[in-house]
Amino acid sequence: MAGNWKMYKTVPETVAFFEKFNPLVAGAKHCEIAICPTFVNLSAAVEATAGTNVGIGAQNLYWANEGAFTGEISGEMLKSVGCQWVLVGHSERRQYFGETNETVLKRVLAALDADLRPIICIGERLEEREGGWTEAVLLEQFKHGIGGLSVDQFAQIAIAYEPVWAIGTGKTATPAMAADAHRIIREQVRLHFGLEASQSTRILYGGSVKPDNIKILIAQPEVDGVLVGGASLDAVSFASIVNF
Ligand code: PEP
């Protein structure tokens, strides 16, 4: 159960969130919990979750270890502040910051080199769904962004299926739509990495997940977890998703 805080919350707001959130999810044994705050909040978040069952992730990383790349942050730097996870290829990165399947793969490899666990986001835009291109888009994103990993590398990642038209819009994919997309992705996992990998990998659904729709989404056997944006900003709301 992962939360993406996007560009929200200051350090004091981050600390206040975890004071409330940690005890609410302390008994959650059925899942791993990860929250991805902004870069400047990572240290405070790691400190505020020390000794708890909540892991911290970043929202992006650059693929070089260090160098003259003003404004960028490496996997090694994220690891050194205590991150365990990192989102890669979020649709907002693809849409506003020129992320491509090729740069997704570079970032994933850099994350793995730094011993971080990438959550790789893929999903179709509205016009692609309406044009009947959902499967083709997912196959393309999978092939170029994920397909180049080794079986061992693949075992370290999680995939988030996030239909772009459902992110931050209040529109959720129907459970059947989510399950269909997850089946397409899982079949790609089987073809590229084998049956065992396809059964053990975790595919998360993301797109306007809220406390009132978590139950029906997670009831789909294909949906292994969720990546939550807006509803992860409130401690009670995200805790009720985690503890559904
Ligand atoms: C996200 O940012 O990955 C996301 C799914 O956002 P929201 O839950 O707000 O749609």
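The chain is numbered in sequence order, starting from 1. For the numbers below, each heavy atom of this structure counts, side chains included, while hydrogens, waters and symmetry mates do not. Numbering of ligands and ligand atoms starts at 1, following listing order. Since the model is a prediction, treat every value here as computed from it, not as a measurement.
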Q.
Below 4.0 Å from ligand 1: does a non-hydrogen atom of H90 turn up there or not?
A. yes
Q | G230: numbered ligand 1 atoms lying under 4.0 Å from its heavy atoms | A | 7 (P), 8 (O), 9 (O)
Q: Decide whether Q59 and W5 meet the rule of one side-chain donor and one side-chain acceptor closer than 3.5 Å.
A: no
Q) Where's the contact between I167 and ligand 1, heavy-atom distance under 4.0 Å: side chain, backbone, both or neither? A) both
Q. Hey, does A231 come in under 3.5 Å of ligand 1, counting only N/O atoms on both sides?
A. no
(Q) Is there a side-chain contact between F244 and V226 in this structure, where contact means two heavy atoms from C-beta onward sitting under 4.5 Å apart? (A) no
**Q.** Top protein contact for atom 2 (O) of ligand 1, by heavy-atom distance
**A.** K6 NZ, 2.7 Å
Q: Check for a donor-acceptor pair, side chain of R125 on one end and backbone N or O of V164 on the other, with a separation under 3.5 Å.
A: no
Q.
Among all protein heavy atoms in this structure, tell me which lies nearest to atom 4 (C) of ligand 1, with the distance rounded to 0.1 Å.
A. G229 N, 3.5 Å
(Q) Would you say the rings of F154 and H192 are close, in the sense that their centroids are separated by under 6.0 Å? (A) no
**Q.** ligand 1 atoms in contact with N4 (distance to a heavy atom under 4.0 Å)
**A.** 1 (C), 2 (O), 3 (O)
Q: Would you mind listing which atoms of ligand 1 come within a distance below 4.0 Å of any non-hydrogen atom of A166?
A: 10 (O)
Q.
Using a plain distance cutoff, I'd like to know if S208 has any nitrogen or oxygen under 3.5 Å from a nitrogen or oxygen of ligand 1.
A. yes
Q) If you measure only the distance, is there a donor-acceptor pair under 3.5 Å linking the side chains of T52 and N22? A) no
Q. Given side chains that start at C-beta, do those of I167 and K6 come closer than 4.5 Å, heavy atoms only?
A. yes
**Q.** Test item: N41 side-chain N/O and K9 main-chain N/O as donor-acceptor pair under 3.5 Å
**A.** yes
Q | Polar proximity ligand 1 side, G207 side, N/O cut 3.5 Å exclusive | A | no
Q: Would you check the N or O atoms of G168, main chain and side chain alike, for any that come under 3.5 Å of an N or O of ligand 1?
A: yes
Q) Nearest to atom 5 (C) of ligand 1, what protein heavy atom do you find, and at what distance? A) E162 OE2, 3.1 Å
Q. Can you find an N/O atom of T169 closer than 3.5 Å to an N/O atom of ligand 1?
A. no
Q: Could you establish whether C121 and ligand 1 come within less than 4.0 Å of each other, counting only heavy atoms on the residue side?
A: no
Q. So, N65 side chain and E76 main chain: donor-acceptor pair closer than 3.5 Å or not?
A. no
Q: Can you tell me which residue pairs pass the ring pair (Phe, Tyr, Trp, His ring centres under 6.0 Å) test with a partner in residues 26-81, sequence neighbours excluded?
A: Y62-F69
